[in-house]
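Data first, discussion second: the structure below is written as structure tokens.
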Amino acid sequence: MGQAIRTTKLLIDLGERTQGAANTRKRAYLEETAKILDAARAFYVAFFLAHPEKLTERVTYVSDRDQQERERLISPNELLTWAEFQTVETKEHAHPRPDWNFSERFPDMPFTYRRSVIKDALGKARSYLSNLANWRASGKKSGQPGPPGASNHPTLYEGAFALELDETDLRQTFARLKVYTGATWEWHHYPVKLSRYFEARRTDPAWEQHSPKLILHGNAAALHFSQAKAVQAKKVKQSKADPHLVTVAVDLNVKNLAVITVRQDGTIIKTLFVRDHGLDQHRYQHMKRISKKQWLSGKAVKGEHSNRQLWQHVRHMNAAAAEKTSRTIAEVCEQYPGCVLLFERLRKIKRGEASQSRRLNRKQANQVRGQINARSREKAFAAGTVTVEVNPHGTSQYCSRCGAKGERFSYRGAVRIKARWGKLFWCPHCQYEANADFNASVNVHHSFYQEGHWHRRERPPPKKKRSG
Ligand SMILES: [Zn+2]
């Protein structure tokens, strides 16, 4: 049993289609809201850090099972109640501590927002204190953990947020948000860009709904709905016992973003190449411009894209490629229920001496590989497929047919050039010749089943470390 998490994004429409004036004002409210919530969070982070002993307080309770008195750590809900009692004015408790009077500093803040920042602050303070304790215990001189920041994307709990859907006209959909105008808290309507697809996904009964988060950056605002699903997945050990287990192996590369091979009963039953459609080359051109501009530095040239815009463009391209590739991988897995998805533990693709733009581009390619890995894993898991990372050692060097060490080469014209980056693989032992990425993908299965080069040998006991 496990849990899959996914996020569905809903863009708030701040475009010019609706009246410009209202939009700028409403946009400013969103920023004000995020700002005041950051300040409120900072208040509670400081409050908890001023009372570290409270966070580790032990409370006694009577166990239901055997009526014995026991001790346990104070719970987050108890701390929340305690913090509110110390800092918030109520009818029953008219005088909170004068140095920590939240009601005075943040008048009329809706209690759902207050509780959400208290919970955030508690998490931040606790993790900071435990990191600090670990660092002190380690005796290291450097690397002292810094105090926690206070900014976070605000969570919109019930009472601060509602979606108003018009079933007949999806364009008439609004998110009703309680926002801070700079002076007061008010409800405002925000038009959202809704698609039928979004609604089907959001109301999918298989997924449990969590409160959305408000995400503001640059010129965009969005609501991120997070959803969770309980997943029944077999343990890998159990799966491995199945003699007809299907394994789906993925070799992640640069020009071939992914080479997917499916194996059952020792044979490859399906192969799929996901090519990059020129992404690497396209990105390389941008990296050349970026590194040239960095070198020249100074002001942006009028009428030309700034480096920031270029980076954003590159990020979008990478994310789109990763999304598409991971979807393909997940779709292949779905065709074989009960299969196991195999990746190599990610290693960096190195390329010795290279220009700055080439190095930048290589780094981007590595990031795309990481994204494909993470996204495929999530998508596959939501459908009940477990991912295993296998030992990557030698997957591109050994023959997937006979297990001997082979070599990589490429053709330049009609000339065969032996090179580590060669597109083709050749085995001198059994004369097998294949696409190098395909050969690596097949070897990922061998690594999982510990065949050939990956056969687990009896190892001599490790040498004792020399002291001093
Ligand atoms: Zn061979």
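Nothing here was measured: the structure is a model prediction, and the numbers come from that model.
In this structure, the side chains of V262 and V246 come closer than 4.5 Å at one or more pairs of heavy atoms. Residues L49 and Y128 meet the side-chain proximity criterion, which asks for heavy atoms closer than 4.5 Å. Using a 4.5 Å cut-off on side-chain heavy atoms (C-beta onward), V259 and L252 make no contact. Between L341 and I329 the shortest side-chain heavy-atom distance falls below 4.5 Å. Looking only at side-chain heavy atoms (C-beta outward), Y411 and I417 stay at 4.5 Å or farther from each other. In this structure the side chain of T33 reaches within 4.5 angstrom of the side chain of Y113, judged on heavy atoms. Within the 4.5 Å cutoff, the side chain of V274 has heavy atoms near those of the I260 side chain. At a threshold of 4.5 Å between non-hydrogen side-chain atoms, the residues V250 and L342 do not count as touching.
At distances below 3.5 Å, not a single donor-acceptor pair connects side-chain atoms of E344 with backbone N or O atoms of V390. A distance-only check finds no donor-acceptor pair linking the side chain of E407 to the backbone of R420 [under 3.5 Å]. Not a single donor-acceptor pair under 3.5 Å links the side chain of Q144 to the backbone N or O of K141. In terms of modelled atom types and a separation under 3.5 Å, the side chain of N253 and the main chain of N256 share no donor-acceptor contact. Formation of a donor-acceptor pair under 3.5 Å by the S138 side chain with backbone atoms of K140 is found in this model. For K229 (side chain) and A382 (main-chain N/O), a donor-acceptor pair under 3.5 Å exists by modelled atom type. With S376 contributing its side chain and I372 its backbone, the two residues share a donor-acceptor pair below 3.5 Å. In terms of modelled atom types and a separation under 3.5 Å, the side chain of S441 and the main chain of D437 share no donor-acceptor contact. W135 places a side-chain N or O within 3.5 Å of a backbone atom of S142 that can act as its donor or acceptor partner. Using modelled atom types, no side-chain atom of E378 and backbone atom of R375 make a donor-acceptor pair closer than 3.5 Å.
Geometrically, R72 engages Y61 in a cation-pi contact, judged by NZ or CZ lying under 6.0 Å from the ring centre and within 45° of the ring axis.
In this structure, R283 pairs ionically with D280, as a charged nitrogen and a carboxylate oxygen lie closer than 4.0 Å. Using a cutoff of 4.0 Å between basic side-chain nitrogens and carboxylate oxygens, K35 and E31 are not scored as salt-bridged. A salt bridge links E57 to K54: at least one charged side-chain nitrogen sits closer than 4.0 Å to a carboxylate oxygen. Classification of R58 and E71 as a salt-bridged pair holds, one side-chain N sitting under 4.0 Å from a carboxylate O. For E323 and K379, the salt-bridge test passes: some basic side-chain N is under 4.0 Å from an acidic carboxylate O. A salt bridge links E451 and R263; the closest N-O separation between the charged side-chain nitrogens and carboxylate oxygens is under 4.0 Å. Using a cut-off of 4.0 Å between Lys/Arg side-chain N and Asp/Glu carboxylate O, D38 and R41 are scored as salt-bridged.
For the residue pair S239 and K234, no side-chain donor N or O sits within less than 3.5 Å of a side-chain acceptor on the partner. Between N439 and S400, the side chains place a donor N or O and an acceptor N or O closer than 3.5 Å (distance only, hydrogens not considered). Side-chain atoms of N318 and Q364 include a donor-acceptor pair closer than 3.5 Å. For H445 and T247, the side-chain atoms include at least one donor-acceptor pair closer than 3.5 Å. Inspection of the E331 and T328 side chains reveals no N or O donor paired with an N or O acceptor under 3.5 Å. N361 and R358 share no side-chain donor-acceptor pair at under 3.5 Å. Looking at N373 and E389, their side chains do bring a donor and an acceptor atom within 3.5 Å of each other. There is no side-chain donor-acceptor pair under 3.5 Å between T8 and R202.
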Given the rule in the side chain to side chain donor-acceptor pair (under 3.5 Å) test, do H393 and H453 qualify, once you have shown the distances and angles that lead to the verdict? CA-CA 9 Å; H393 185 264; H453 169 69; 3.0 Å; yes
Could you walk me through whether F343 and V388 pass side-chain contact (heavy atoms from CB on, under 4.5 Å), step by step? CA-CA 6 Å; F343 277 101; V388 175; over 6 Å; no
Test log, rule side-chain contact (heavy atoms from CB on, under 4.5 Å), inputs W454 and N443: CA-CA 9 Å; W454 297 272; N443 274 334; 3.5 Å; yes
Starting from the C-alpha separation in whole Å, work towards a yes-or-no answer on side-chain contact (heavy atoms from CB on, under 4.5 Å) for E208 and Q227. CA-CA 5 Å; E208 183 201 336; Q227 288 170 298; over 6 Å; no
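Of the inter-residue distances, the one linking L279 atom CG with Y284 atom OH reads 15.0 Å to the nearest 0.5 angstrom. Put simply, CH2 on W207 and CD1 on I5 are 8.0 Å apart, with the number rounded to the nearest 0.5 Å. Interatomic distance, C399 SG to K405 NZ, rounded to the nearest 0.5 Å: 13.5 Å. Distance NZ/K213 to NE2/H224: 11.0 Å, rounded to 0.5 Å. The line from CD1 of I12 to CG of L177 is 5.5 Å long, rounded to the nearest 0.5 Å. Summarising the geometry, atom CD belonging to Q431 is positioned 5.0 Å from atom CH2 belonging to W426; distances are rounded to the nearest 0.5 Å.
Checked against the 6.0 Å centroid criterion, the rings of H282 and H277 do not qualify as a close aromatic pair. Taking the ring centroids of H446 and H455, they lie at or beyond the 6.0 Å cut-off.
Environment of NE2 in H429: sparse, with no more than 12 heavy atoms of neighbouring residues, nucleotides or ligands closer than 6.0 Å.
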